[in-house]
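Indexing begins at 1, ligand by ligand and atom by atom, following the structure's order. All heavy atoms count here, side chains included; hydrogens, waters and symmetry mates do not.
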Amino acid sequence: MKLKEITEGKARLLVPDPEEYKKEEKYDPSWAPVFYNPRMVFNRDVSVVVVSALSPKSIVDTLSATGVRGIRYYLESSKTEEVLFNDKSPNAVELIRRNVEVNGIENAKVYNRDANSLLYELKVDYVDVDPFGSPAPFVLSSINATKRGGSVAYTATDLSPLEGKARRSCLRKYYVHNQRLSFSKEVGIRVLVSKVVRDSAVLERTVVPLISFYSDYYYRVFFRVLGGARRADNALEELGYFIECQDCGYHEGTREKCVDKCPYCGSKNVKVVGPVWLGKLVDEEFLGKVMSSIDKFEYLTSFQMVKELLTSLRDENRFLAYYNLDFLASRHKMNVPPTRGMLECLGEATRTHFDKKGIKTNKKYEEVLECLKTSFSYNR
Ligand SMILES: C[S@@+](CC[C@H](N)C(=O)[O-])C[C@H]1O[C@@H](n2cnc3c(N)ncnc32)[C@H](O)[C@@H]1O
Ligand SMILES: [Zn+2]
């Protein structure tokens with residue numbers, strides 16, 4: 001394997017040299033013998049910051065590839081007592097061993113196993129699941145491998161099922177009846193949380209979302225894992241459905257599955273999606289802890305972006321499901337209103353990191369529509 005040395009965060013890493021694996025001057029990380037994607041640096045930077053607030057004693061980097069995550073958590077988050085690395089690819093394992101040595105990681109164990117079978121043999125404080133595509137095949141085993149009170153994180157890059165484009169795939173992987181809605185960027189993450197809540201309940205455990213976000217082409221969610229059938233039952237109570245009227249643009253989250261007409265305008269042209277997570281996507285106390293120690297991560301290349309993301313997550317956490325202004329305006333045959341004007345008009349409202357054209361508010365739908373008309377007169 002032709003390698004190149006790079007740095008990411010505080011780690012020195014040997015990764016496949018992209019120049020060697022190009023095809024017709026193009027490069028895709030999946031063409032190299034071991035996967036390393038520079039587009040995921042932001043995901044890893046946020047993860048380093050979050051894992052630092054979790055301060056786990058033992059970590060498993062379940063799908064390690066180059067080992068970058070486990071190495072960075074050890075160097076930048078907390079000197080954990082034990083870091084376990086795993087990948088089913090022998091090439092990856094060889095590279096992980098070299099990278100572990102280059103970075104002087106003591107207490108590392110490197111496995112060359114199928115992730116699911118390994119996870120059923122472990123109990124650790126923090127499990128990281130960063131797969132190709134969907135994390136669904138690893139949810140049960142990773143929840144099982146997390147100690148009570150510990151944490152687990154998932155990356156999902158399979159946006160097509162999660163956002164309701166690949167509907168059958170969404171049903172297979174997540175058992176959610178999904179379809180395209182104007183706020184599907186947020187629906188997608190709530191489909192993922194719903195799956196993790198339901199799988200945890202099977203094990204008489206539950207999960208509390210600590211930090212959940214969307215970026216670029218993936219979702220990332222960190223959960224606290226708690227024990228107890230009663231808690232699992234309570235979490236299931238927070239699942240429900242989104243309905244969206246295709247005529248007037250009204251939407252809501254509801255426990256009611258059989259909605260056949262729009263509660264606002266009476267139209268039958270209504271889409272229903274679910275079961276989705278209708279609870280909070282962020283634990284505000286935990287987010288406060290993360291933000292209070294953010295300054296020690298000033299060295300991160302994406303430091304400003306991480307701060308902006310955390311601030312946005314804090315601001316939008318009190319609202320459920322954003323309105324996409326393009327969609328609303330098109331339903332009412334109007335020009336798209338200025339976002340600033342809408343925010344000023346509504347008062348109790350915020351932008352959302354899910355969508356540049358999105359706003360979140362808990363104002364009544366009548367008021368949203370009123371602002372759609374008047375927001376043009378606000379200062380831009
Ligand atoms: C997206 S890559 C991981 C990237 C890495 N976490 C990072 O941040 O750069 C997924 C890795 O999972 C490995 N993999 C896929 N299925 C697996 C399985 N069932 N058990 C163990 N490893 C697996 C692949 O070989 C690949 O290296
Ligand atoms: Zn309607």
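Remark: ligand 1 and P131 share no N or O pair separated by less than 3.5 Å (distance only, no angle test). At under 3.5 Å, a nitrogen or oxygen of D114, whether backbone or side chain, sits near a nitrogen or oxygen of ligand 1. Between N86 and ligand 1, a contact under 3.5 Å exists for no N or O pair. Annotation: T66 places no N or O atom under 3.5 Å from an N or O atom of ligand 1; distance criterion only. Backbone and side-chain nitrogen or oxygen atoms of K88 are examined, and one is located within less than 3.5 angstrom of a nitrogen or oxygen of ligand 1.
Rounding to 10°, one obtains 110° for the angle at the Zn ion (ligand 2) between SG (C262) and SG (C245).
Aromatic pair F222/F286: centroids not less than 6.0 angstrom apart. Within the 6.0 Å centre-distance limit, the rings of H251 and F183 are counted as a close aromatic pair. Annotation: Y154 is not in aromatic contact with Y219 [ring centroid separation under 6.0 Å not met].
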Step-by-step salt bridge (Lys or Arg N to Asp or Glu O under 4.0 Å) determination, R318 to E348: CA-CA 10 Å; R318 65 205 148 116; E348 185 66 4; 2.9 Å; yes
Could you please spell out the steps behind the salt bridge (Lys or Arg N to Asp or Glu O under 4.0 Å) verdict for E20 and K4? CA-CA 10 Å; E20 299 294 329; K4 180 181 159 188; over 6 Å; no
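In terms of protein heavy atoms, atom 10 (C) of ligand 1 is closest to D130 O, 3.7 Å. The single protein non-hydrogen atom nearest to atom 25 (O) of ligand 1 is D87 OD1, 2.7 Å, given as residue, atom name and distance. Looking from atom 20 (N) of ligand 1 to the surrounding protein, the closest heavy atom is A115 N, 2.8 Å. With respect to atom 8 (O) of ligand 1, the closest heavy atom belonging to the protein is R69 NE, 2.9 Å. Distance from atom 23 (C) of ligand 1 to its nearest protein heavy atom, with residue and atom name: L63 CD2, 3.3 Å. Scanning the protein heavy atoms around atom 9 (O) of ligand 1, the nearest turns out to be R44 NH1, 3.2 Å.
Using a cutoff of 4.0 Å between basic side-chain nitrogens and carboxylate oxygens, D128 and R220 are scored as salt-bridged.
For ligand 1, the atoms lying closer than 4.0 Å to a non-hydrogen atom of R113 are 20 (N), 21 (C). Residue V68 approaches ligand 1 through these ligand atoms, each under 4.0 Å from one of its heavy atoms: 7 (C), 8 (O), 9 (O). Each of the atoms 1 (C), 2 (S), 4 (C) of ligand 1 lies under 4.0 Å from some heavy atom of F35.
R172 forms no cation-pi arrangement with Y174, by the criterion of a distance under 6.0 Å to the ring centre and an angle within 45° of the ring axis. Seen from the ring of W31, K23 counts as a face-on cation partner, given the 6.0 Å and 45° thresholds. K109 forms no cation-pi arrangement with F85, by the criterion of a distance under 6.0 Å to the ring centre and an angle within 45° of the ring axis.
For the salt bridge (charged side-chain N to carboxylate O under 4.0 Å, His left out) test with R72, the passing option among D130, D61, D45 is D45; the others fail.
Residue-ligand proximity: A92 is placed with every non-hydrogen atom at 4.0 Å or more from ligand 1.
Between C371 and C345 the SG-SG gap is short of 2.5 angstrom.
Within the 4.0 Å heavy-atom criterion, neither part of P137 lies near ligand 1.
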